[in-house]
Protein chains: 2
Amino acid sequence: MPDTRDTTAPAPLTADFFDPACPQSAMPIRIGEKWAGMVVACLADGPRRFSELKVPLRGITPKVLTETLRALERDGMVTRTAYPETPPRVEYELTDLGRTLLGPIQACREWAAENLPALLAAREAHQEGLDRR
Amino acid sequence: MPDTRDTTAPAPLTADFFDPACPQSAMPIRIGEKWAGMVVACLADGPRRFSELKVPLRGITPKVLTETLRALERDGMVTRTAYPETPPRVEYELTDLGRTLLGPIQACREWAAENLPALLAAREAHQEGLDRR
DNA sequence: CGGGATCCACTATGATACTG
DNA sequence: CAGTATCATAGTGGATCCCG
C-alpha cells in the first residue's frame with residue numbers, strides 16, 4: 001500500500017458540508033445542544049421516565065431536560081407516552097430512527113475512552129508552555 | 001437471536017458520563033463548538049492553509065476559524081506551522097491524535113447521509129401537526 | 001410526578017474594520 | 001495572507017418558583 005500522504009499538495013477541498021442543505025452534516029448529533037447525545041445514550045436500554053433520566057444527567061434542570069426531550073421528539077428520535085394516572089407517569093423511548101443514533105454515539109464514546117487522556121495531557125502540556133512565558 | 005427488548009423494566013441507569021471527569025464524554029468531538037468537526041474533516045487529506053480552510057466552511061469568519069484552530073491546537077489535535085515568508089504562509093495539519101477523530105466523524109457523517117432525510121421529514125410532520133391545531 | 005413560567009448569565013457565533 | 005480588535009447578538013444553560 002502506497003503512502004497516502006504524498007509530498008505534493010493534497011487535492012483542493014471540495015467540501016460538501018453545506019450542499020446537502022445541512023450546515024451540521026458533519027455533526028448532526030449535536031441536534032441542538034449538549035445534552036441530546038447523553039439523553040439518547042440513557043434511552044439505549046429501553047423506555048425511561050423523566051425523573052429516571054435526571055439521575056445520570058446529574059445537575060440537569062427540569063427545564064433543560066424538557067427542552068432536550070422536546071427537540072428529540074420533534075426530530076422523530078424519541079416518543080413521549082403519558083399515562084393518565086395519579087401521580088402522572090411519562091415515559092420516553094427511542095424510535096427506530098433514534099436507535100440509529102446509537103452507532104455514532106457509541107463511536108464517539110469509544111473515542112473518548114481511548115483518547116481522552118491524551119487530549120487532557122496535551123491540554124495540560126500546552127498550559128504549561130503558556131505558564132513558562 | 002433473542003429480542004433484547006424484554007418486557008420487564010430495563011436495568012437502572014448507571015451512567016458514567018460524569019465519572020471520568022469529563023462532562024462531555026459522550027460527545028467529545030464537540031470539542032467546544034460547532035466548527036471543530038468540519039475543520040478536522042477538511043484536514044483529513046493533508047495540511048491546509050488558513051484561507052484554504054475558509055472556502056469549504058463558507059461564511060466562517062476569520063475570528064471563529066482562528067478560535068477553532070487554537071482550541072484544536074491546544075488539545076493536541078492539529079499543529080500550526082508558520083513559514084517566515086512574504087506573504088506569510090501558515091499550514092495546519094492533523095496530529096496522530098487528531099487523526100483518531102476521523103473515525104467518529106466519519107461515523108457521524110455517514111449517519112447524516114443515511115438518516116438526515118428521515119429527521120427532516122419527521123420535523124416537518126411535527127410542524128404540520130402543530131399547524132393544524 | 002412531571003413539568004411550565006420567568007428571569008438571568010454565559011458563551012458561541014457573527015459582522016465589520018484594521019494590521020504585521 | 002493570516003490574522004487581531006471591537007462590538008453586537010442569539011442560542012444555550014441555569015435558578016427559582018409555581019401548577020395540575
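Every chain is numbered from 1 and lettered A, B, ... according to where its sequence line falls, protein lines coming before strand lines. Predicted model, so just to flag it, every value in this text is computed and none were measured.
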Quiz item: Rounded to whole angstrom units, what separation is found between the CD atom of B/E73 and the C1' atom of D/dG3?
Solution: 13 Å
Practice problem: Could you tell me whether a side-chain N or O of B/T68 sits under 3.5 Å from a main-chain N or O of B/W35, the two making a donor and an acceptor? | Solution: no
Practice problem: Measure from CZ on B/R48 to C1' on D/dG3 and round the result to the nearest Å. | Solution: 20 Å
Self-check item: Distance, rounded to the nearest Å, where A/Y92 contributes OH and C/dG2 contributes P
Solution: 8 Å
Exercise. May I ask you to verify if any side-chain N or O of A/R49 is less than 4.0 angstrom from the OP1 or OP2 atom of C/dG2?
Key: yes
Self-check item: Where protein sits on nucleotides 15-20 of chain C, one letter per nucleotide: B base, S sugar-phosphate only, - none, heavy atoms under 4.0 Å
Solution: B----B
Quiz prompt | d(CZ, A/F50; C1', C/dC1) in whole Å | solution = 10 Å
Quiz item: Could you state the CD-P distance from A/E67 to D/dG13, rounded to the nearest angstrom?
Solution: 8 Å
Quiz item: Under 4.0 angstrom, heavy atoms only, what part of the nucleic acid is A/Y83 near: base, sugar-phosphate, or nothing?
Solution: nothing
Quiz item: Looking at A/W111 and A/L119, what are the two nearest heavy atoms and their distance?
Solution: CH2-CD1, 3.9 Å
Quiz prompt | Between D/dG14 (P) and A/L65 (CG): distance, integer Å | solution = 11 Å
Self-check item: Spatial distance of atom OG1 (A/T79) from atom CG (A/L72) [nearest 0.5 Å]
Solution: 11.0 Å
Quiz prompt | Listed partners of B/E73 passing salt bridge (charged side-chain N to carboxylate O under 4.0 Å, His left out), at least two apart | solution = none
Self-check item: Audit row: A/T100, B/E114, side chain to side chain contact (heavy atoms under 4.5 Å, CB included) steps and yes/no
Solution: CA-CA 10 Å; A/T100 65; B/E114 287 177 34; over 6 Å; no
Practice problem: Check the distance between C/dG3's C1' and A/E52's CD and give it to me in whole angstrom. | Solution: 17 Å
Quiz item: Do A/R48 and A/Y92 have side-chain heavy atoms sitting under 4.5 Å apart?
Solution: no
Quiz item: According to a strict under-4.0 Å criterion, is B/T66 in side-chain N/O contact with OP1 or OP2 of D/dG3?
Solution: no
Quiz item: Salt bridge check: are A/E52 and A/K54 linked by an N-O gap of less than 4.0 Å?
Solution: no
Quiz item: So which one's nearest nucleotide on DNA chain C is more toward 5', B/V64 or A/R80?
Solution: A/R80
Quiz item: In whole angstrom, what separates A/K54's NZ from C/dG2's C1'?
Solution: 8 Å
Quiz item: Just to confirm, is there a sub-4.0 Å distance from OP1 or OP2 of D/dT4 to any side-chain nitrogen or oxygen of B/R70?
Solution: yes
